[in-house]
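The basis for the numbers below is simple: all heavy atoms, side chains too, and nothing from hydrogens, waters or symmetry mates. Each residue takes its place number in the sequence, starting with 1. Remember, it's 1-based here, ligands and their atoms both numbered in the order they're listed. Owing to the predicted nature of the structure, the values given are computational and were not obtained by experimental measurement.
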Amino acid sequence: MIYTLTLNPAIDFELIVADFEFDAVSRALGSRVDCGGKGFNVSRMLANLKMPSIAMGLVGGPTGDRLSAMLGELGIDTRFTRIAGETRTNVSLVQAGGSKHLKVNDTGPSISDEELAELIGMVRAAARPGDWWVLAGSLPPGVPDDVYAQLITILDQQGAFTVLDSSGEALRLGCAAGPTLVKPNLAEAEQLTGLVVSDAASLTALAQAVLLLGPVSLVLSMGKTGALLATPDEQVECISPRIVEQNPIGAGDSMVAGLVWGLSQGQSQSGSLTLGIACGAATASCAGTTLGTLADVEALLANSN
Ligand SMILES: Nc1ncnc2c1ncn2[C@@H]1O[C@H](COP(=O)(O)OP(=O)(O)OP(=O)(O)O)[C@@H](O)[C@H]1O
Ligand SMILES: O=P(O)(O)OC[C@@]1(O)O[C@H](CO)[C@@H](O)[C@@H]1O
């Protein structure tokens, strides 16, 4: 089974505008509301790929109820920890027909020690050997930076595999617990290591520096350029297919879904990277915060062969 864990989920509220104007009232040309949060997006993409998953996370208030209903409508199995606070709403302004967007993510509700302990208990109870767990996104206030490290240790002791997609201190401490795979984007990896990529040699150095922090393997995503897979023994670079980019928000989550789709079925790491790249590109080619479909992914894979 694949589990996704989202500690700081969100409703993604998108407004489409003709242009960005400061100190003026802009009128939206359209709007949309999506179920968001990195782990929930991975579950949504897996559902598009006809792959079942169980979405776990902290949800609360009417926004939490709305997220719960949206995931339910997609047929995604959920096991939530209910919280007293209100799940956040993140806002994007997207330029119509252009490639620019502004995205503001709220901090999220405060989580109590009891709520966090309940969630950790649920993870411990669900952990089984051979399962895949995606731990993704930022941490809401009240959750300690080492929470992913704690969860990875619990899951590892039970023989489960872990994929970590986060940023900052939570990512650094999580890496030290030895996740099976970590997926930062280039900016996150540069921030993590203090290194800057300027050429092929510095890219290799960056990948090796991330691996030294503790993960078993690394997929470094680099937007439309593609991605780099690295383990202590091999390094594989994969170029992304050319698409007409509409909205790249969520491409990283779709890539994680594609990676776990392959890995959980016993595919090689490089084969799974190909699936991840196709899933990321499929989502980047969709308008709004919509995710790519299985047909989109299959078409991209057919073209890349
Ligand atoms: N414009 C694009 N063209 C082709 N492929 C893309 C494009 N944007 C993203 N992708 C694919 O999706 C993968 C993940 O994208 P990216 O590196 O932007 O992730 P991210 O920064 O984690 O995204 P997010 O946080 O918005 O979900 C890339 O490695 C690439 O394969
Ligand atoms: O604030 P975080 O947890 O880092 O990211 C949250 C978020 O930006 O990630 C998803 C896109 O990857 C969106 O659905 C959501 O709004």
Please list the nearest protein heavy atom to atom 2 (P) of ligand 2 with its residue and the distance rounded to 0.1 Å. S138 OG, 3.4 Å
Less than 4.0 angstrom from a charged side-chain N to a carboxylate O is my criterion; do K183 and D253 meet it? no
Just by distance, no angles: are the side chains of S285 and Q246 close enough, under 3.5 Å, to form a donor-acceptor pair? no
Protein residue, atom and distance nearest to atom 27 (O) of ligand 1, heavy-atom basis: G252 N, 2.9 Å
Using distance alone, with no hydrogens and no angle criterion, decide if T153 and D156 have a side-chain donor and acceptor under 3.5 Å apart. no
Got the closest protein heavy atom to atom 16 (O) of ligand 2, with its distance? D12 OD1, 2.6 Å
Closest protein heavy atom to atom 2 (C) of ligand 1, given as residue, atom name and distance to 0.1 Å: K224 CB, 3.4 Å
Note the single closest protein heavy atom to atom 12 (O) of ligand 2, along with its residue, its atom name and the distance in Å. D253 OD2, 2.7 Å
Compute the shortest N/O to N/O distance between G226 and ligand 1 and return yes if it is under 3.5 Å, no if not. yes
Residue part near ligand 2, for E188, under 4.0 Å between non-hydrogen atoms: neither
Counting heavy atoms under 4.0 Å, the part of N41 that contacts ligand 2 is side chain
Side chains of N185 and S221: is there a donor and an acceptor less than 3.5 Å apart? no
Any side-chain donor near an acceptor of the partner, S254 and T283, under 3.5 Å: yes
Looking only at protein heavy atoms, identify the closest one to atom 5 (O) of ligand 2 and say how far it is in Å. N105 ND2, 3.4 Å
Contact (N/O only, under 3.5 Å) between M255 and ligand 1: no
Set of residues satisfying ring pair (Phe, Tyr, Trp, His ring centres under 6.0 Å) with respect to F40, sequence neighbours excluded: F80
G250 to ligand 1: N or O pair under 3.5 Å? yes
Going by the 4.0 angstrom heavy-atom rule, the piece of K38 near ligand 1 is side chain
How does S285 reach ligand 1, by side chain, by backbone, by both or by neither, if only non-hydrogen atoms under 4.0 Å count? neither
Does any donor atom in the side chain of T4 or S53 lie under 3.5 Å from an acceptor atom in the other side chain? no
Write out the residue and atom name of the closest protein heavy atom to atom 9 (O) of ligand 2, then the distance separating them to 0.1 Å. K38 NZ, 3.2 Å
Do D65 and S68 pair up side chain to side chain, a donor and an acceptor below 3.5 Å, judged on atom types alone? no
Looking only at non-hydrogen atoms, which of G280, S240, G276 approaches atom 31 (O) of ligand 1 most closely? S240
Among protein heavy atoms, which sits nearest to atom 8 (O) of ligand 2, and what does the distance come to when rounded to 0.1 Å? K103 NZ, 2.8 Å
Does the side chain of Q191 pick up a donor-acceptor pair with the side chain of S167 at under 3.5 Å? no
Compare C279, A284, G223, A282 and give the one whose heavy atom is closest to atom 30 (C) of ligand 1. G223
